[in-house]
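All of these numbers come straight from a predicted model, not from anything done at the bench.
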Amino acid sequence: MAADTNKKNNWRKRLLIAGLALVILLGAVYAYFATQQYGDTSKIKADYTVNALDFIREFQLDNKTANEKYADKIVAVNGRVSEIEAADTTINVKFIDTLTGSYAIFAFQQQHLAEAKTIQPGDSISIKGSCSGGIFSDILEATAISFKRSAINN
């Protein structure tokens with residue numbers, strides 16, 4: 001009987017230690033991603049430089065392939081600004097394909113908000129940002145391509 005009790009206790013101790021180790025590991029992974037800092041996008045070399053309308057059409061033609069190519073890459077997009085949207089803590093700049101309603105939208109980094117506020121619809125500019133990918137909306141029947149950590153490309 002005493003041997004069975006010791007085996008059960010050993011098994012419980014091992015399970016408890018394994019569970020504790022898993023919790024510590026998950027906490028470390030969460031802490032890493034929660035505190036991750038990104039460099040200033042304006043100082044990072046673009047992986048791709050594209051024309052805004054061609055870029056949007058590439059997503060419209062084959063969303064899956066375009067996402068595989070551009071997602072999580074720094075992309076410089078050249079084009080004529082269609083719209084400016086003021087959000088809570090950022091400025092969003094849009095390039096819109098007027099034929100389809102599809103668009104690329106750029107959220108600017110905090111340190112580049114002053115520059116972003118000078119942009120006007122109709123301006124021809126180059127914006128560099130980290131592509132979050134594109135998604136087709138069945139409701140809007142349009143593709144939306146979002147960017148984070150954006151800056152004016154000089």
Side-chain angles (χ1 to χ4, degrees), residues 15-154:
L15 186 60
L16 183 62
I17 291 170
L20 185 60
L22 182 63
V23 167
I24 291 171
L25 178 64
L26 291 175
V29 169
Y30 173 78
Y32 171 77
F33 285 106
T35 61
Q36 188 173 13
Q37 297 288 323
Y38 295 98
D40 185 350
T41 303
S42 67
K43 295 178 177 143
I44 299 172
K45 183 179 183 288
D47 296 304
Y48 298 97
T49 300
V50 296
N51 170 281
L53 292 178
D54 294 338
F55 180 71
I56 293 168
R57 289 183 185 129
E58 189 172 347
F59 274 88
Q60 291 171 321
L61 289 174
D62 190 347
N63 193 45
K64 182 178 185 244
T65 302
N67 273 313
E68 289 171 357
K69 180 178 179 181
Y70 295 111
D72 296 321
K73 303 281 190 216
I74 301 296
V75 181
V77 182
N78 304 317
R80 187 171 304 275
V81 174
S82 303
E83 286 182 16
I84 306 291
E85 297 176 349
D88 291 340
T89 60
T90 190
I91 300 288
N92 294 325
V93 176
K94 280 186 176 179
F95 294 121
I96 301 173
D97 179 350
T98 55
L99 297 176
T100 63
S102 295
Y103 61 90
I105 187 166
F106 298 81
F108 277 75
Q109 285 184 303
Q110 195 66 32
Q111 68 265 37
H112 298 291
L113 284 179
E115 285 179 307
K117 288 179 181 179
T118 66
I119 299 170
Q120 296 296 316
D123 288 352
S124 289
I125 63 170
S126 179
I127 302 174
K128 186 167 38 173
S130 176
C131 183
S132 298
I135 187 166
F136 181 78
S137 168
D138 289 326
I139 295 170
L140 299 175
E141 295 183 354
T143 299
I145 308 157
S146 59
F147 284 80
K148 57 189 174 196
R149 301 187 323 266
S150 301
I152 294 176
N153 189 28
N154 295 324

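Close placement of the Phe106 and Phe95 rings is indicated, their centers lying within 6.0 Å of each other.
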| Candidate pair Tyr103 and Glu83, rule side chain to side chain contact (heavy atoms under 4.5 Å, CB included), full reasoning | CA-CA 10 Å; Tyr103 61 90; Glu83 286 182 16; over 6 Å; no
| task | Take Tyr70 and Glu58 through the side-chain hydrogen bond (donor to acceptor under 3.5 Å, both in side chains) test and state the conclusion after the steps. | result | CA-CA 11 Å; Tyr70 295 111; Glu58 189 172 347; 2.8 Å; yes
| request: Starting from the C-alpha separation in whole Å, work towards a yes-or-no answer on side chain to side chain contact (heavy atoms under 4.5 Å, CB included) for Thr49 and Asn153. | output: CA-CA 10 Å; Thr49 300; Asn153 189 28; 5.6 Å; no
| message | Pair Gln60, Asp97 - check side chain to side chain contact (heavy atoms under 4.5 Å, CB included), show working. | response | CA-CA 11 Å; Gln60 291 171 321; Asp97 179 350; 3.7 Å; yes
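Once rounded to the nearest 0.5 Å, the distance linking CD1 of Ile44 with NZ of Lys73 reads 13.0 Å. With rounding to the nearest 0.5 Å, the separation of CG in Asn67 from CZ in Phe59 is 5.0 Å. The CD1 atom of Ile135 lies 9.5 Å from the OG1 atom of Thr143; values are rounded to the nearest 0.5 Å. We find the NZ-OG distance between Lys94 and Ser82 to be 9.0 Å, quoted to the nearest 0.5 Å. Distance CD/Glu68 to CG/Asn63: 10.0 Å, rounded to 0.5 Å. Taking CZ from Arg149 and NZ from Lys128, the interatomic distance works out to 12.0 Å, rounded to the nearest 0.5 Å.
The backbone N or O of Ile74 lies less than 3.5 Å from a partner atom in the side chain of Asp47, making a donor-acceptor pair. With Ser137 contributing its side chain and Ala142 its backbone, the two residues share no donor-acceptor pair below 3.5 Å. Between the side chain of Thr90 and the backbone N or O of Phe108 there is at least one donor-acceptor pair closer than 3.5 Å. Of the possible donor and acceptor atoms, one in the side chain of Arg80 sits under 3.5 Å from a partner among the backbone N and O of Gly122.
The shortest heavy-atom contact between Ala52 and Gly79 is CB-CA, 4.1 Å. Minimum interatomic distance between Glu115 and His112 (heavy atoms only, all atoms of both residues): OE1-ND1, 3.0 Å. The two residues Val75 and Cys131 make their nearest non-hydrogen contact at CG2-CB, 4.2 Å. Residue Ser150 comes nearest to Ile127 through the heavy atom pair CB-CG2, 4.0 Å, listed as atom of the first residue, atom of the second, then distance. Residues Leu113 and Ile91 come closest through the heavy atom pair CD2-N, 3.6 Å. The two atoms that bring Ala104 and Ile56 nearest to each other are N-CD1, 3.9 Å, heavy atoms only.
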